[in-house]
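Everything below concerns the one structure shown next.
FYI, side chains are in, hydrogens and waters are out, and symmetry mates aren't considered; it's all heavy atoms of this structure. A quick note: this is a predicted structure, and the numbers were derived from the prediction, not measured.
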Amino acid sequence: MILETANRLGPATVVESSGPHVRLRLGSRVVSATVALASPYHPVAGDVVLAISQDEDYYVIGVIQGSGKTVFTAPGDMEFRAPRGTIDFVSTRGIRLRSPEVSIRASRMEVVVRTLVEKMDEAWRWVRGLFQIRSGRVRETVDGSRHLRAERIIER
């Protein structure tokens, strides 16, 4: 019986990254390695990774300290499900959604922000029941005409 053993297992610093291959600094040596991570992380220069070798073949099998991107790509639709829990997206620098169309369907939606800026070409709102605004001040600037139609207007 022949047992294969790894020649090396330990941290290495990424010197250069190119697709599924990286160049690693191992002490005073620089070697080429194949990225073999279970997650879709893309190492970048300066990352500290866990590298393993067998003879002269090197593989990146973990990330110890990274600053690269993790990119999930699906050739078709993608769905996140938590049938018995919640899904949280947490970021210290921001969350961006980019799409030609975004649809949100919920029984209740709460938005809590310090500042809200909305910019759009046109906006339409339909409210079946009460539409209420509570504000410290209101300023409205209309470049063209303003039309108001109501069954009854009460002003104080």
Side-chain angles (χ1 to χ4, degrees), residues 9-26 30-52 58-156:
L9 172 65
T13 302
V14 176
V15 175
E16 182 183 347
S17 180
S18 176
H21 302 285
V22 292
R23 305 220 0 109
L24 300 176
R25 179 170 310 287
L26 302 168
V30 175
V31 299
S32 293
T34 301
V35 178
L37 296 169
S39 67
Y41 178 75
H42 298 280
V44 295
D47 283 0
V48 178
V49 296
L50 180 61
I52 191 169
Y58 289 85
Y59 301 93
V60 173
I61 59 170
V63 180
I64 298 170
Q65 183 179 4
S67 60
K69 251 187 189 179
T70 301
V71 179
F72 293 94
T73 302
D77 294 343
M78 182 181 286
E79 190 170 306
F80 294 96
R81 285 183 178 240
R84 292 179 192 87
T86 60
I87 297 174
D88 290 326
F89 291 96
V90 179
S91 171
T92 57
R93 293 184 27 201
I95 296 174
R96 291 185 291 265
L97 297 175
R98 284 179 264 174
S99 175
E101 184 176 325
V102 175
S103 175
I104 299 172
R105 297 186 190 279
S107 297
R108 183 177 187 278
M109 183 168 137
E110 182 176 335
V111 179
V112 179
V113 298
R114 186 172 302 144
T115 302
L116 174 66
V117 177
E118 294 179 308
K119 297 179 181 183
M120 54 201 84
D121 291 332
E122 294 183 21
W124 299 82
R125 284 191 178 156
W126 286 269
V127 179
R128 185 181 324 241
L130 174 67
F131 180 65
Q132 180 175 320
I133 297 173
R134 181 179 174 152
S135 173
R137 298 176 338 161
V138 174
R139 177 179 27 204
E140 182 177 52
T141 304
V142 178
D143 291 334
S145 60
R146 182 178 193 269
H147 300 274
L148 173 65
R149 191 178 92 193
E151 190 174 300
R152 195 170 122 195
I153 296 176
I154 302 169
E155 279 191 81
R156 291 185 195 171

Set of residues satisfying side-chain contact (heavy atoms from CB on, under 4.5 Å) with respect to A51, sequence neighbours excluded: R8, A12, L24

Below 3.5 Å, can you tabulate the donor-acceptor pairs from side chains in residues 93-102 to any protein atom, sequence neighbours excluded?
residue, atom, partner, partner atom, Å
S99, OG, E101, N, 3.2
S99, OG, E101, O, 2.8

Salt bridge (charged side-chain N to carboxylate O under 4.0 Å, His left out) contacts in which one or both residues fall within residues 12-26, not counting sequence neighbours: none

Test side-chain hydrogen bond (donor to acceptor under 3.5 Å, both in side chains) applied to E110 - qualifying residues, sequence neighbours left out: R108

Those residues that, when tested against W124, pass side-chain contact (heavy atoms from CB on, under 4.5 Å) (two or more places apart): E122, W126

Heavy-atom pair of closest approach, residues P43 and L37: CG-CD1, 4.5 Å

Set of side-chain contact (heavy atoms from CB on, under 4.5 Å) partners for V117, sequence neighbours left out: T115, K119

All N/O donor-acceptor pairs, side-chain side in residues 59-75, below 3.5 Å, sequence neighbours left out:
residue, atom, partner, partner atom, Å
S67, OG, D47, OD1, 3.4

Verdict with reasoning, V44 to V14, per side chain to side chain contact (heavy atoms under 4.5 Å, CB included): CA-CA 6 Å; V44 295; V14 176; 6.0 Å; no

Residues in side-chain contact (heavy atoms from CB on, under 4.5 Å) contact with V113, at least two apart in sequence or another chain: V111, L116

Side-chain donor/acceptor of T13 to backbone N/O of G46, under 3.5 Å: no

Taking only distance into account, with no hydrogens and no angle test, what donor-acceptor pairs under 3.5 Å do side-chain atoms of residues 147-156 form with protein atoms, sequence neighbours excluded?
residue, atom, partner, partner atom, Å
H147, NE2, S145, OG, 3.2

Intermediate values then yes/no, side chain to side chain contact (heavy atoms under 4.5 Å, CB included), I104 and M109: CA-CA 9 Å; I104 299 172; M109 183 168 137; 4.0 Å; yes

Residues that R146 engages under side-chain hydrogen bond (donor to acceptor under 3.5 Å, both in side chains), provided they are two or more places apart: E140

Any residue meeting side-chain hydrogen bond (donor to acceptor under 3.5 Å, both in side chains) with E79, in chain and number order, not counting sequence neighbours: R81

